[in-house]
Colleague: 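Questions regarding the structure given below will be posed in turn.
A quick note: this is a predicted structure, and the numbers were derived from the prediction, not measured. Each ligand, and each atom within it, is numbered from 1 in the order the structure gives.
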Amino acid sequence: MLSLSASAMPRTLDPEVRSALAARIRYYNEMGIYDFYRRPLSDPSGEVAATIAVDEAETAVLANQPVLGAEMSPRKAAAVAIPIVEENIFEVIALKPEQSVSDPAKALKIIREDLGDCTRCVLHKQGRKQIVFGVGNPKADLMFVGEGPGADEDEKGEPFVGRAGQLLNNMIKAMGIDREQVYIANIVKCRPPGNRTPEREECETCSPFLMRQIAVVKPKVIVALGAVAAKTLLAMSASMAQLRGRFYDFRPTGIRSNDPNWDGCKLAVTYHPAFLLRDPRQKGEAWKDLQMVMKELGMKAPKQTT
Ligand code: SF4
């Protein structure tokens with residue numbers, strides 16, 4: 001057994017170290033151990049040290065954690081999906097209030113009420129008209145997660161209702177299902193001004209609510225639309241070329257599952273419909289991604305009518 005003192009554990013953890021620690025903590029979670037403590041100790045020199053016991057294997061993990069998703073197996077990708085807010089990795093992961101409710105529609109309502117008139121990140125004061133929570137079947141097998149609301153979504157209070165939303169509807173239809181059968185949400189629930197990309201801090205502040213929505217809906221497959229959604233959900237940085245074309249094992253970060261029948265789901269990455277509007281040549285690639293998802297869900301595409 002080894003121990004890392006405060007001098008070896010900087011206050012702000014390196015993302016890779018944070019990922020490895022979170023993976024270890026989830027390993028303990030899987031064994032039914034949920035309680036972790038920061039344990040301040042005074043070392044002989046009088047410095048306060050946060051001592052964390054790790055074994056050699058864990059040390060090896062810390063040293064060898066890959067940087068890009070292309071190098072990760074799906075199992076490892078699932079492991080890195082844990083640590084979005086670093087302060088949370090040592091906290092007790094308690095059951096969320098909605099987890100005592102069996103009706104997913106009611107559970108989602110509890111999350112929405114918990115969110116309230118949210119002012120948790122700066123997006124609340126940058127011109128949003130309303131919070132765009134999420135829409136669709138609360139028991140959906142398939143969930144789409146985008147980046148954030150645009151002007152149309154901000155106006156209507158529903159994700160993916162503008163031109164990109166129309167294209168998403170067509171993509172869903174091409175899969176042989178309707179929009180009402182899936183659940184649709186975004187990483188951030190308030191419109192970034194000028195449709196800019198949400199900042200990492202905004203994503204990290206808002207996404208715990210999305211994680212709770214995912215844990216309620218319990219989809220079989222999540223499709224992350226675009227790089228922001230993919231990188232936030234998987235807590236990893238890689239190009240779309242590296243992220244697409246495979247499944248990742250995914251569990252919502254910071255949620256302790258209370259359902260023995262749902263222990264996470266598959267996650268696939270494809271292009272955001274807004275990107276496909278700008279570069280329609282990539283629609284064929286997106287369709288390949290959706291076909292991979294359909295295969296996983298045992299779906300067959302409807303026959304083309306001419
Ligand atoms: S984006 Fe999310 S965290 Fe930020 S203010 Fe809106 S609801 Fe709150």
Colleague: Can you tell whether the side chains of Arg251 and Asp263 come within less than 4.0 Å, N to carboxylate O?
Modeller: yes
Colleague: Could you find the nearest protein heavy atom to atom 8 (Fe) of ligand 1 and give me its residue, atom name and distance?
Modeller: Cys118 SG, 2.2 Å
Colleague: Distance to 0.1 Å, residue and atom name: give those for the protein heavy atom nearest to atom 2 (Fe) of ligand 1.
Modeller: Cys206 SG, 2.3 Å
Colleague: Got the closest protein heavy atom to atom 6 (Fe) of ligand 1, with its distance?
Modeller: Cys190 SG, 2.3 Å
Colleague: Determine whether Glu285 and Lys288 satisfy the following criterion, side-chain contact (heavy atoms from CB on, under 4.5 Å), listing intermediate values before the conclusion.
Modeller: CA-CA 5 Å; Glu285 289 299 301; Lys288 280 186 203 162; 2.8 Å; yes
Colleague: I need the contact type for Arg128 against ligand 1. Using non-hydrogen atoms and a strict under-4.0 Å cut-off, is it side chain, backbone, both or neither?
Modeller: side chain
Colleague: Please determine whether a side-chain nitrogen of the Lys or Arg among Lys266 and Asp141 lies less than 4.0 Å from a carboxylate oxygen of the Asp or Glu.
Modeller: no
Colleague: Ignoring hydrogens and geometry, is there a side-chain-to-backbone donor-acceptor pair from Asn186 to Glu147 under 3.5 Å?
Modeller: yes
Colleague: Charged N to carboxylate O below 4.0 Å: is that the case for Asp114 and Arg212?
Modeller: yes
Colleague: What atoms in ligand 1 come closer than 4.0 Å to a heavy atom of Lys189?
Modeller: 1 (S), 7 (S)
Colleague: Decide, counting backbone as well as side-chain atoms, whether Cys121 has an N, O or S atom less than 2.8 Å from atom 4 (Fe) of ligand 1.
Modeller: yes
Colleague: Using a strict 4.0 Å cut-off to heavy atoms of His124, name the atoms of ligand 1 that fall inside it.
Modeller: 5 (S)
Colleague: Going by side-chain contact (heavy atoms from CB on, under 4.5 Å), Met175 matches just one of Leu290, Asn170, Val182. Which one?
Modeller: Leu290
